[in-house]
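One structure is given here, and the rest of the page talks about it.
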There are 2 protein chains.
Amino acid sequence: MRKRMRESTNESAVTRLRAAGLRPTRQRNELADLLFRDGHRHLTAETLHADAVSKGIRVSLATVYNTLHQFTNSGLLRQVMVDSTRSYFDTNVTEHQHFYYEEDGMLADIPGSEEIAVGNIPDAPEGTKVARVDVVVRLTRS
Amino acid sequence: MRKRMRESTNESAVTRLRAAGLRPTRQRNELADLLFRDGHRHLTAETLHADAVSKGIRVSLATVYNTLHQFTNSGLLRQVMVDSTRSYFDTNVTEHQHFYYEEDGMLADIPGSEEIAVGNIPDAPEGTKVARVDVVVRLTRS
DNA sequence: TTCACTGCAAATGATTTGCAAAGCA
DNA sequence: TGCTTTGCAAATCATTTGCAGTGAA
């Protein structure tokens, strides 16, 4: 009895991992598939792990944490700071801004066409350089 | 032998607390003094507690946490999201923006004269309203 | 007196880590 | 084979909470 070969690990995931200098292991491949197969996503370690498990992917929470950080360090993901209790990650690493729904703990991209105009960025203080400008629009129920 | 009366609990602290609807207890008074006596400050629960203890103020870390949240809920402090591991608080509750020195975990106001121009703020999605627009300029060593 | 507040220690929850087993090159 | 990566469970760290004692009105 041979194990059924799921159509996992699509080419792009492997390619993406190699390009990022990460060894394409089963777990990384499958998580990369989840993360990048469809459109952009916002997620936490817990939600990604739950999603993986629900799709039959066998991976530990610890590995999800490790993977999220490796992906972030490799530029595949971006970490978004909106909640002091949880870490959010965003598969969209291009420059963009966020809505954060405080009551729901939900994060969403601000559509490109509606982005806030960020102008007049101050000079970075002596000895530093600007790594990023984060803009978060916090929303509450009206 | 009577206890030496330190010039603690200055009037403004008590007034400020009453105005915020908080009962002026010894701990709250002394913490408010630390927080608002001098210029604006950026701090974490740990740093405030350490500062208090070093100045001879007897207060537990748990009370510092409680107090920071009560002050925040009363509008005396503002919580700033920059680091997923720690909560930062800012005594400046007026609209302004921050520099965050990633390597040092240090937070600083961007001088008002150099603030980023935030324009074209998008409409809040159906059923929500904009609570705040957070702008953080992340700095790394150059 | 009464209810809010405080401190302590224990509980929590997210995240990290040590280490042996398993996997990739 | 040799160095990575993974998984598990234990450890950590910031923060919160239960509860009995203390304090403010």
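- The nearest whole Å value for the distance from the CZ atom in B/Arg58 to the C1' atom in D/dG21 is 14 Å.
- Between B/Asn73 atom CG and D/dT16 atom P the separation is 11 Å, expressed in whole Å.
- Comparing D/dT15, C/dT15, D/dT5 against the side chain of B/Leu61 picks out D/dT15 as the nearest.
- The CG atom of B/Asn66 sits 17 Å away from the P atom of D/dG23 (whole-angstrom rounding).
- In this model, a donor atom of one side chain and an acceptor atom of the other lie less than 3.5 Å apart for A/Ser60 and A/Thr63.
- Here B/His96 pairs with B/His98 under the ring pair (Phe, Tyr, Trp, His ring centres under 6.0 Å) rule; sequence neighbours left out.
- One finds a side-chain N or O of A/Tyr65 lying less than 4.0 angstrom from the OP1 or OP2 phosphate oxygen of C/dT15.
- The side chain of B/Ser60 lies closest to C/dC8, out of C/dT16, D/dT6, C/dC8.
- Distance B/Phe89 CZ to D/dA14 C1': 11 Å, rounded to the nearest Å.
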_For nucleotides 18-25 of chain C, give me one character per nucleotide, 5' to 3': B if any protein heavy atom sits under 4.0 Å from the base, S if the only such contacts are to the sugar-phosphate, - if neither._
-----BBS
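- Looking at residues two or more places apart in sequence or on another chain, you find no side-chain hydrogen bond (donor to acceptor under 3.5 Å, both in side chains) involving B/Arg18.
- A salt bridge between A/Asp104 and A/Arg141 is present, with a side-chain N of the basic residue lying under 4.0 Å from a carboxylate O of the acidic one.
- None of B/Leu17, B/Asp51, B/Leu68, B/Leu48 except one satisfies the side chain to side chain contact (heavy atoms under 4.5 Å, CB included) rule with B/Leu31; the exception is B/Leu48.
- As rounded to whole Å, 12 Å separates atom C1' of C/dT6 from atom NE2 of B/His49.
- Whole-Å rounding puts the A/Ile57 CD1 to D/dT6 C1' distance at 15 Å.
- At C/dT15, none of the side-chain N or O atoms of A/His69 fall inside 4.0 Å of OP1 or OP2 (strictly under the cut-off).
- Residue-level contact check: A/Thr85 touches the backbone only, with heavy atoms under 4.0 Å from sugar-phosphate atoms and none from bases.
- You'll find that the side chain of B/Arg28 is closest to C/dC5, out of D/dT16, C/dT17, C/dC5.
- Residues passing the side-chain contact (heavy atoms from CB on, under 4.5 Å) test with B/Ala19: none are found, sequence neighbours excluded.
- Residue whose closest nucleotide on DNA chain D sits further toward the 5' end, between B/Ala45 and A/Gly21: A/Gly21.
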*asked:* Could you write out DNA chain C as dot-bracket? Rules: Watson-Crick or G-U wobble, both distances under 3.5 Å, brackets [ ] for crossings, | for pairs with another strand, dot for unpaired.
replied: |||||||||||||||||||||||||
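- For B/Thr47, the side-chain contact (heavy atoms from CB on, under 4.5 Å) test picks out B/Leu43, B/Thr44, with sequence neighbours left out.
- Within the 4.0 angstrom heavy-atom criterion, only backbone atoms of the sugar-phosphate kind lie near A/Ser87; the bases stay farther away.
- With no hydrogens or angles considered, no side-chain donor-acceptor pair links A/Arg58 and A/Gln27 at under 3.5 Å.
- Using modelled atom types and a 3.5 Å distance limit, the side chains of B/Thr140 and B/Glu103 yield no donor-acceptor pair.
- Look at CZ on A/Arg86: it is 10 Å from C1' on C/dG13, rounded to the nearest Å.
- A cation-pi contact, defined as under 6.0 Å to the ring centre and within 45° of the axis, links B/Arg16 to B/Phe36.
- Counting to the nearest Å, the P atom of D/dA14 and the CE atom of B/Met81 are 16 Å from each other.
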